[in-house]
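Letters go in sequence order (proteins before strands), and every chain restarts at 1.
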Protein chains: 2
Amino acid sequence: MDNQFESYFKAAVSVDNVVFGFDNTGLKVLLIYRGADPYRNCWALPGDLISLDTNLLDSAEKVLQDLTGLEEIYMEQIHTFGKVDRHPYGRVFTVAYFALIKIEDYHLHPSSWAEEAAWFPISEIPELPFDHNEILAYAKEQLKSKIRRQPIGFELLPKHFTLTELQTLYESILERGFDVRNFRKKILSMDFITDTGLKQTSVTHRPAKLYKYNAKRYSNLINTGFAFDL
Amino acid sequence: MDNQFESYFKAAVSVDNVVFGFDNTGLKVLLIYRGADPYRNCWALPGDLISLDTNLLDSAEKVLQDLTGLEEIYMEQIHTFGKVDRHPYGRVFTVAYFALIKIEDYHLHPSSWAEEAAWFPISEIPELPFDHNEILAYAKEQLKSKIRRQPIGFELLPKHFTLTELQTLYESILERGFDVRNFRKKILSMDFITDTGLKQTSVTHRPAKLYKYNAKRYSNLINTGFAFDL
DNA sequence: TTTAATTATTGTATTTTTTACAATATATTC
DNA sequence: GAATATATTGTAAAAAATACAATAATTAAA
C-alpha cells in the first residue's frame, strides 16, 4: 500500500436514483420525504451515501430495494455529479441512476431514511434539494433518447398491455403524438410484440387486445443487425 | 456539519480520459507510460486522482491539459466505474471521459506522472492496468453511438478536410463501409458542411476540394427539429 | 507531349420507409 | 336496439435509402 495514497484527498460517494413509473395518467417519478439532515423534511430523489465494501451498481440496487422491496429492476447509470459545493456537509460525488418500474406491481416501503415515498407526475415536480432537479432533468433526457432506441418501455408497463397503452407511454415520454395507424404498423412490424390472445376486461367499451413483449425475439433481431428506432 | 458525515466512509476519486485521435491510418488512442506506482512501467489511460477543491469536469480537463497543453478540447463524461477491488491501494471510484482531438494540432507534453505518451491504433491496444481495457471498450461504444447522431467527428479532423477523409473517419469509427456517392449526397444534403473553395496541395493525383464544418448552421438546423443521423 | 496511374466527383432508377388521412368494428350502458 | 366509447385497419403519396459505374483532374513516367 502506498503512503501517498493513504494521505490523499478522500470524498464521500452517494447514489441517487431517478425512478420512473407510468400509469394511465402519465409518467411519474418516485420521491421520498427526507427524515434526516441535511434538507430534512423535504421531497428528494431516493439516494444514499454508499459504503466501501459494496460495488457501485450493487449500492444503487440496494438503495432502490430498500425503498421498494422489488428485485430485478431495470437500472442504468446516467451520470456522475461532482460540483465542489453540491453537498452542504462536504465533498460528495453522486452517481445518478435511472430505474424503470411497473407502477402497479408496486407497494412502497418507505425506508429508514425516508418518512414517506410518493409518485409525482413528471410535470409537477417540486423544488428539490442538492442538485436533484438537475439530475432529474438529465434523467428525463436520457430516458427520452434511450426509449427510442431500446425496448425498455416495457419495463414501465404491465406484463400484458394494449397498443393504446404502449402508444400513450411513448407519447408521454417523447412529448409528441403519433398517428394511431402508423404507430401500430411500425410497432407490429418489429416482430417482438406478440398477441397474447387475451382481451381487456371490465372496460365499458370495445375491449382491446392484450400484447406482451418478447425479449427473445428482440435479441434474435438484434443479432441480425436490426436497429430499433422509433 | 453533521457528525455522522465526518465519520462516514470516504473513497478516493479519479478521472480517466480516453483520448481519441484520427489520421489517415485510422483511429488512435492516447496512452501514457506510467512512471509511478501502482502499475509503474506500463501503458495506461491518462488519468489521475482528483483533489477536493476542483469540480469534476474541471479535473478531467486539467488532467488532459497537463498532458497535451491543448485547450477547448471536446470532452464528455461516459461512465463511472466503482468495483470494490478495481484499485490495488483501496477504494477508488473513477469517472471516465472521452475526448476528441485533432491529432496534428498536437504536440504531446508527457506530464509529471507519465514518462511518455503515445498514440496507439485502436486495433493494437495492449493489456492495460486497472479496468482500463473495460473503460476503453465502453468509450469506443459510446463514440460509435454518439458520432452517428451528433456532428462531433469534426473534432477529430483538421479544420479543412476532404470528403474522403470524412468518409474514412466515419468508416473507421463505425466499422462499416459507405457507398461514396450516397455518403456524399447525404453529408452535403445536411447544410452544415461547406466548401472552402480551396483544394488539396502536394498530392500526386487529382486534388480534392476542402470543406469545413459550420457549427452555426448546424445549430440553426437543430432548432428547426432537424435530427442528424448517419 | 502523350500515356499511365491515381484519386475525385457525379446521376439515376429502384426499393424501402415514412407520412397523411377516415371509415368500420366491437364492446358496454341506458 | 340506440347511444356511447374506444379499437382496429388500408391505401396512396412523398421522402429517404440503396444499388450501381462512368467521367474528370491531377501528377509522374515514358
Side-chain angles (χ1 to χ4, degrees), chain A residues 23-26 147-149 157-158 160-172 174-212 221 224-230, chain B residues 23-26 147-149 151 157-158 160-172 174-212 221-222 224-230:
Chain A
D23 64 19
N24 50 16
T25 71
I147 204 173
R148 288 188 47 203
R149 307 204 164 79
L157 291 175
H160 292 172
F161 51 84
T162 70
L163 293 183
T164 302
E165 285 168 342
L166 187 63
Q167 181 170 351
T168 308
L169 170 66
Y170 275 95
E171 290 181 335
S172 304
L174 297 176
E175 299 177 286
R176 57 160 290 201
F178 289 93
D179 175 86
V180 199
R181 288 158 288 190
N182 295 339
F183 181 83
R184 284 166 182 244
K185 234 179 305 173
K186 181 141 191 186
I187 284 290
L188 293 175
S189 77
M190 310 178 196
D191 233 12
F192 52 86
I193 288 166
T194 53
D195 191 336
T196 62
L198 303 170
K199 286 185 175 180
Q200 273 183 319
T201 53
S202 359
V203 287
T204 173
H205 53 73
R206 176 176 179 176
K209 291 188 197 173
L210 292 169
Y211 291 82
K212 64 179 175 186
L221 278 175
T224 67
F226 163 87
F228 180 58
D229 198 345
L230 208 88
Chain B
D23 64 18
N24 51 15
T25 71
I147 203 173
R148 290 188 46 205
R149 308 207 162 78
L157 291 175
H160 292 172
F161 52 84
T162 70
L163 293 184
T164 302
E165 286 168 342
L166 186 63
Q167 182 171 349
T168 308
L169 170 66
Y170 275 95
E171 291 181 335
S172 305
L174 296 176
E175 299 177 286
R176 56 160 289 198
F178 289 94
D179 175 86
V180 199
R181 287 157 286 191
N182 296 339
F183 181 84
R184 285 166 181 242
K185 235 179 305 172
K186 179 141 190 184
I187 284 290
L188 293 174
S189 76
M190 309 179 194
D191 233 11
F192 53 86
I193 289 167
T194 53
D195 191 337
T196 61
L198 303 171
K199 286 185 176 178
Q200 272 183 320
T201 53
S202 3
V203 287
T204 174
H205 52 74
R206 175 176 180 176
K209 292 188 197 173
L210 292 168
Y211 292 82
K212 63 180 176 186
L221 277 176
I222 289 303
T224 67
F226 163 86
F228 180 57
D229 198 344
L230 207 88

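The interatomic distance linking M190(B) (CE) with dA17(D) (C1') rounds to 12 Å, in whole Å. Straight-line distance from the CG atom of D179(B) to the C1' atom of dA16(D): 15 Å, rounded to whole Å. Going from atom NZ of K209(A) over to atom P of dT8(D) covers 6 Å, rounded to whole Å. Between the CG atom of L210(A) and the C1' atom of dA7(D) there is a distance of 12 Å, rounded to whole Å. Protein atom CG of L230(B) is 15 Å distant from nucleotide atom P of dA16(D), rounded to whole Å. Following rounding to the nearest Å, F161(B) (CZ) and dA8(C) (P) show an atom-to-atom distance of 15 Å. The nearest whole Å value for the distance from the CD atom in E165(B) to the C1' atom in dT7(C) is 13 Å. Atoms CZ (F178(A)) and P (dT9(D)) sit 19 Å apart, rounded to a whole Å.
For the pair R184(B) and dT9(C), the criterion of a side-chain N or O lying under 4.0 Å from OP1 or OP2 is met. Applying the 4.0 Å criterion to OP1 and OP2 of dA17(D), one finds that K186(B) has a side-chain N or O inside that range.
Toward the 5′ end of DNA chain D lies the nearest nucleotide of L188(A), the other residue of the pair D229(B) and L188(A) mapping further downstream. The residue among P207(A) and A208(B) whose nearest nucleotide of DNA chain C is located toward the 5' end is A208(B).
Looking at R149(A), its side chain never comes within 3.5 Å of a backbone N or O of D229(A) through a donor-acceptor pair. Listed for the S172(A) side chain is no donor-acceptor partner under 3.5 Å among the backbone atoms of G26(A).
In this structure, T164(B) reaches the sugar-phosphate backbone alone: every heavy-atom distance under 4.0 Å involves primed, P, OP1 or OP2 atoms, never a base. Within 4.0 Å (heavy atoms only), K199(A) reaches sugar-phosphate atoms of the nucleic acid but no base atom. Within the nucleic acid shown, V180(B) comes within 4.0 Å of at least one base atom, counting heavy atoms only.
Taking the side chain of K185(A) as heavy atoms from C-beta on, and the options dG10(D), dT6(C), dT18(D), the nearest nucleotide is dG10(D). Nearest to the side chain of T204(A), among dT8(D), dC20(D), dT28(C), sits dT28(C).
Across all their heavy atoms, L221(A) and F192(A) have their closest contact at CD1-CD2, 3.6 Å.
If you check distances only, the side chain of R206(B) does reach the base of dA24(D) with a donor-acceptor pair under 3.5 Å.
For the pair Q200(A)/H205(A), a side-chain contact is recorded, criterion being any heavy-atom separation below 4.5 Å from C-beta on.
A cation-pi contact, defined as under 6.0 Å to the ring centre and within 45° of the axis, links R176(B) to F178(B).
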